[in-house]
Amino acid sequence: MKEVGTACRDVPRPKQLHFYSKFFVSLALFVVSFHRPLMKEERKNLEARTQMTDLERLRHSASHVLATAILKIWPEAQFAAGPPVENGFYYDVDLPHRISPDDFEKIEAEMKEEIKANRPFERMEVSRDEALELGKKGRLAALSERSEPSKFKLDIIENIPPDEKISLYRSGDFIDLCAGPHVKCTGEIGAFKVTSVASAYYKGDEKNPQLQRVYGTAFKTKKELDDYFAMLEEAKKRDHRKLGRELELFVFDDDVGPGLPMFLPRGAVIAEELEKLAKETEFAAGYQRVRTPHIARESLYKKSGHLPYYAESMFPPMELEEARLGERDHGTPASLYYLKAMNCPHHHKLFAAVPRSYRDLPLRFAEYGTCYRYEKSGELFGLMRVRSLQMNDAHIYMTPEQFEAEFNAVNEMYLNYFKLFGIEKYLMRFSTHDPSKLGEKFVDEPELWKQTEEMTRNVLKSSGINYVEVPNEAAFYGPKIDVQAWSVIGREFSIATNQVDFAQPRRLNLVYKDRDNIDKTPICIHRAPLGTHERFIGFLIEHYAGNFPLWLSPEQVRILTIGDDPKLMDYARSILHELRGHQVRAEIDESPDKINGKIQRAEQMKVHTMFVIGKRDMDADAVSVRIHGKGNLGAKPRNEAIGDIVQSIRERRG
RNA sequence: GCCGACGUAGCUCAGCUGGUAGAGCAGCGGUUUCGUAAACCGCAGGUCACGGGUUCGAAUCCCGUCGUCGGCUCCA
């Protein structure tokens, strides 16, 4: 057995990876802050460069140990890829036996042995032919030669660029095609656990066969592992699905349908407050509100270009009998109606409804439109991914000269919102086009692409926003910016979007009369800084862990009386009426519970402010203020206490 | 949509290898008059997701459907 230890620590760590190690340190703070796993792009880069933090290296090695264990139990297993991921590692395996959680114990036992044996990881560089030879003998990701070739490994070798070195790693009998790096010895894997098994398409392509993805996590020490699981438990407590039920914010019902959330009064309040915020902000920014129906004829979506592109994510059309009869009489295709999956075509029609001059631009149409998208069943996820959604939508029509200012203003709006909500962990994804796909995936307007992407990039740079550029992910009609965030359990999703569109306006013949008396097509921005009510509220629930700021709180003040003396109750009710007179969402707890019981219930419902009122307070024309999470703040004169509440709500602080 | 797991009272969960369902909280009815995180007593509440099958007998075993969850894919 080789000496290990020091050599392992000597491995130089590139400077640019500092960020990642920082991230893992901050994982420990994940409970109070906000979960932020590695982003996909970062991960891809990592894999490409095969540079890893110490922890990732350890986890990567753990994945080899996992594969070794699986092979000991099922020697015929075929392995694909086994990288470290945000919270652990996985290995994709093709195996007739369906691995279930019942197998984990067995697998872990084998892994433990491998780790106890403290086998060194040896790196070997081989020629392509040697690698292929081994693969054909089934010797890659295997303990010995086998009758079946290592098919996935052979495929991976085929895809390694000719100029790149091919390396193998050996630990005990296990040999794997692997770029590395690894820890020195299996014994360095201090603590690990097999956590779950799921399926994944080979290379993430729906057309490829499905493999079993066995997930695990590993740390240097047992304590870190325990802390990690404790952290997961904490994260679960702020899961919006759990809090949504506990705080009576929203529900799903089988008879209503999957992905169709209903907001209870407490949840509806939050939606209303967000809407109020959006309306005020947009009014000040020169937007005008419009209102459009939830359905439209097929012809609208044919003209907009959405139908072929979006048909899969739209609810199937409804056929109207009367319209169908009409068709026969008048030969008009009128029978098919769709629930709208987006608002833009309706808004475009409003633009076209009135002759427009360059003097009218920019024109900003805003609507909290209700859309319906038939998301695949497996994609539904609490409030974050639903089938009925209300979007904080608006479409801005402008001349090319106005683009930069408008786009900038939209970004400003996001940033202001994020500041208001204290959202700090997010990532701007700037999606651009691939010039080689002009005319197929992207509209064939090379100049406009160049212009708008350049302008967009400049806006991002000049505002100092942290962003990543993602080529080939633009919308077909233009570049876009998505704001990416993460749910507490680590799912990533977009909470806001800002898209440039120079295609639809043309398709729908939108024009304005320019200074030179020529009809021109406007550029359009689609933007939704607050995303959809559903997703944004889901996000906020987790962001605040249900402890909403006063202005967003479903119940802002609850009045709790000590005893139910009629005079005291009258005093409490007069305060209630005064609060409600100021539009404060206040309630009185008239239950027969003792004061401690009332407080307990208010705290559990995370009511923002409690006015505790006893005879002492009544006699002093005062209330005792208690704030959720802060406790008793003592007695205050009634007018002051009410004034503070009203003021704080008006300023949307606290 | 795909793979896997799960589905017991409004909520959280118990119910061993099949013998016919139980607790806490919430709810309701009383009693209690309590100064900052649960006063006491009682009552009621379940075609064990739904449908079929195996069995003398199914919450428990098998099949199907629906739904949820973990992933994959996709997205606001």
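Sequence lines set the chain letters: A, B, ... in the order given, protein chains first and strands last, and positions in each chain run from 1.
For A/K636, the side-chain hydrogen bond (donor to acceptor under 3.5 Å, both in side chains) partners are A/D644, not counting sequence neighbours. For A/E587, the salt bridge (Lys or Arg N to Asp or Glu O under 4.0 Å) criterion is met by A/R580, not counting sequence neighbours.
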Scan nucleotides 7-16 of chain B against the protein and return all N/O pairs shorter than 3.5 Å with their distances rounded to 0.1 Å.
from	atom 1	to	atom 2	distance (Å)
B/U12	OP1	A/R245	NH2	2.9

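Side-chain nitrogen and oxygen atoms of A/S494 include none within less than 4.0 Å of the OP1 or OP2 phosphate oxygen of B/C75. Distances shown here put a side-chain N or O of A/R241 below 4.0 Å from the OP1 or OP2 atom of B/G70.
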### Query
Going through the distances and angles, do A/F536 and A/H543 end up as a ring pair (Phe, Tyr, Trp, His ring centres under 6.0 Å)?
CA-CA 10 Å; A/F536 205 77; A/H543 176 64; 9.1 Å; no

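Residue contacts shown for A/R626 include a base, since a base heavy atom lies under 4.0 Å away. Here A/G531 lies in heavy-atom contact (under 4.0 Å) with sugar-phosphate atoms only. Here A/G382 lies in heavy-atom contact (under 4.0 Å) with sugar-phosphate atoms only. Note on A/F536: nothing from the nucleic acid sits closer than 4.0 angstrom, heavy atoms only. Within 4.0 Å (heavy atoms only), A/S624 reaches at least one base atom of the nucleic acid.
Note on ring orientation: taking the six-membered ring where Trp is involved, the planes of A/Y372 and A/F315 are perpendicular (angle over 60°, cut-offs 30° and 60°).
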